[in-house]
Novice: 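There's a structure below that I have some questions on.
First the proteins, then the strands, lettered A, B, ... as listed; each starts at 1.
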Protein chains: 2
Amino acid sequence: MASQSASSPDSNPDSLSTQLAARGYKLTRPRRAVLRVVAETRESLSPSEIHARAKKFYPQTGLVTVYRTLEVLAECGAVRKVHQADGCHSYAPASEGHAHHIICENCHSVVEFEDCDLAEMVKTVQRHTGYKIEGHWLELFGVCPNCRR
Amino acid sequence: MASQSASSPDSNPDSLSTQLAARGYKLTRPRRAVLRVVAETRESLSPSEIHARAKKFYPQTGLVTVYRTLEVLAECGAVRKVHQADGCHSYAPASEGHAHHIICENCHSVVEFEDCDLAEMVKTVQRHTGYKIEGHWLELFGVCPNCRR
DNA sequence: GGGCTAATTGAAAAACGTTTTCAGTTGGGA
DNA sequence: TCCCAACTGAAAACGTTTTTCAATTAGCCC
Ligand SMILES: [Zn+2]
Ligand SMILES: [Zn+2]
Ligand SMILES: [Zn+2]
Ligand SMILES: [Zn+2]
């Protein structure tokens with residue numbers, strides 16, 4: 001079954017709101033709408049998909065504000081960009097700290113995982129290439145429990 | 001030191017030409033120009049950077065043809081898109097088979113590495129999330145031997 | 001070598017995602 | 001309640017990628 005981090009990223013609207021407020025950001029109506037969309041989704045969403053959903057909560061929401069809010073949320077570590085073969089245009093909810101995403105190739109649902117031990121591999125690659133490795137990006141692709149029937 | 005795969009991806013112009021010919025693609029002048037650029041670089045390059053360099057070999061080369069040639073080369077596995085914080089617009093030479101890139105954060109040089117053993121981690125993540133994992137995507141960031149002084 | 005034909009080309013225009021600009025609005029502290 | 005920096009949406013600008021289309025060309029057959 002799913003681990004805590006996988007099943008519930010730290011992204012309910014309240015905690016997001018608190019995060020933004022703590023950093024001095026105002027909690028405006030369009031921002032609340034975007035926060036709510038991000039908190040409720042289990043898939044990664046593109047800015048325009050987020051825009052479409054946010055308008056259900058606050059119809060005047062502008063696409064520009066979605067972009068600006070995503071920037072703020074990424075800065076807070078509350079969302080992370082998801083890179084896929086067909087483009088790098090979507091964002092998924094993220095919890096704080098080091099974690100990565102696993103994406104369902106069928107339904108595009110996304111969960112986080114924290115079990116990321118690359119230490120051994122990093123050592124080997126450093127030895128082979130001479131590069132000093134300071135960071136990494138990792139994404140897993142697969143099929144989620146639902147889609148496996 | 002660098003491993004074989006790291007220091008010399010299978011990307012000299014001849015081998016690339018052979019690859020394309022084997023797949024029934026014509027070897028046109030603009031394509032040769034792009035092939036040569038890709039084979040000679042040690043950094044990842046954006047389509048428009050490739051275009052600028054390709055014009056030195058064949059001045060009429062059009063940007064559109066660069067895009068089309070990159071598509072073909074990606075299909076052959078001869079280049080791979082490199083994803084970075086400031087955008088996902090560049091391509092790096094790639095050898096056949098499973099490998100990933102490590103990118104120098106200072107000079108943007110890129111080398112490949114093949115030591116990628118995620119089996120243990122994949123098992124753990126599958127257990128924790130219930131997802132059946134079928135593929136992955138990994139990039140390392142660091143500092144290359146040159147830039148370390 | 002000369003001709004045939006499908007593959008390929010470059011220029012221009014369209015499409016697309018993202019950012020900038022700017023005058024008007026608003027959240028939230030005093 | 002008042003105030004003002006933070007924030008907003010619409011429109012325009014922007015850079016990248018794709019489409020369109022008439023002209024060219026690589027590679028094959030004779
Ligand atoms: Zn990690
Ligand atoms: Zn990307
Ligand atoms: Zn370097
Ligand atoms: Zn791998």
Novice: Run through B:His136, B:Glu112, B:Glu139 and flag the one making a side chain to side chain donor-acceptor pair (under 3.5 Å) with B:His100.
Specialist: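 Result: among B:His136, B:Glu112, B:Glu139, B:His136 is the only option passing the side chain to side chain donor-acceptor pair (under 3.5 Å) with B:His100.
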
Novice: Taking CD in B:Glu71 as the centre, count heavy atoms belonging to other residues, nucleotides or ligands within less than 6.0 Å. Is the count above 12?
Specialist: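 Counting other residues, nucleotides and ligands, CD of B:Glu71 stays at 12 neighbours or fewer.
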
Novice: Looking at the side chain of B:Thr61, which of D:dT18, C:dG10, C:dT18 is the nearest nucleotide?
Specialist: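 Closest of the options to the side chain of B:Thr61: C:dG10.
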
Novice: Any side-chain heavy atom of B:Ile103 within less than 4.5 Å of one from B:Ser44?
Specialist: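 Side chain of B:Ile103 against side chain of B:Ser44, heavy atoms only: no contact under 4.5 Å found.
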
Novice: From CD of B:Gln84 over to P of D:dT16, roughly how many Å is that when rounded to an integer?
Specialist: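 B:Gln84 atom CD is separated from D:dT16 atom P by 15 Å.
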
Novice: Using whole Å, what does the distance between atom P of nucleotide D:dA11 and atom CG of A:Leu63 come to?
Specialist: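 Answer to the nearest Å: 13 Å.
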
Novice: In this structure, would A:Tyr58 and A:Leu70 fall into the same cluster of hydrophobic residues linked by side-chain contacts under 4.5 Å?
Specialist: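 Different hydrophobic clusters.
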
Novice: Between atom CD in B:Glu71 and atom P in C:dT9, what is the gap in whole Å?
Specialist: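 Distance check: B:Glu71 CD to C:dT9 P gives 12 Å.
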
Novice: At 4.0 Å (heavy atoms only), tell me whether A:Ser48 reaches a base, stays on the sugar-phosphate, or touches nothing.
Specialist: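 Counting heavy atoms under 4.0 Å across all strands, no contact is made by A:Ser48.
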
Novice: Could you list all N or O pairs between the protein and nucleotides 22-27 of chain C that sit under 3.5 Å apart?
Specialist:
residue : atom : partner : partner atom : Å
C:dG27  : N2   : A:Lys26 : NZ           : 3.2
C:dG27  : N3   : A:Lys26 : NZ           : 3.1

Novice: Using whole Å, what does the distance between atom P of nucleotide C:dT9 and atom OH of B:Tyr67 come to?
Specialist: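 In whole Å, C:dT9 P lies 16 Å from B:Tyr67 OH.
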
Novice: Can you check the B:Asp86 CG to C:dT18 C1' distance for me, whole Å?
Specialist: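 These atoms are roughly 15 Å apart.
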
Novice: Taking the side chain of A:Val64 as heavy atoms from C-beta outward, which of C:dT19, C:dT18, D:dT16 is closest to it?
Specialist: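 In terms of side-chain proximity for A:Val64, the closest of C:dT19, C:dT18, D:dT16 is C:dT19.
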
Novice: Is B:Glu96 reaching over with its side chain to a backbone N or O of B:Gly77, donor-acceptor style, under 3.5 angstrom?
Specialist: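 The answer is no, because no donor-acceptor pair under 3.5 Å joins these two groups.
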
Novice: Over all strands shown, is B:Ser46 touching base, sugar-phosphate only, or nothing at heavy-atom distances under 4.0 angstrom?
Specialist: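 Nothing, no heavy atom under 4.0 Å.
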
Novice: Using 4.0 Å as the upper bound for N to carboxylate O, is an ion pair formed by B:Glu49 and B:Arg53?
Specialist: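 Between B:Glu49 and B:Arg53 there is no salt bridge, as every charged N stays at least 4.0 Å from the carboxylate O atoms.
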
Novice: Output the rounded distance in Å from CZ (A:Arg23) to P (D:dA6).
Specialist: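 Value for this atom pair: 16 Å.
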
Novice: Take the protein atom NE2 of A:His89 and the nucleotide atom P of D:dT16, then report the distance between them rounded to whole Å.
Specialist: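 One finds 14 Å between P of D:dT16 and NE2 of A:His89, rounded.
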
Novice: Would you say a side-chain N or O of B:Arg31 is under 4.0 Å from OP1 or OP2 of C:dA7?
Specialist: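 No, no such contact exists.
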
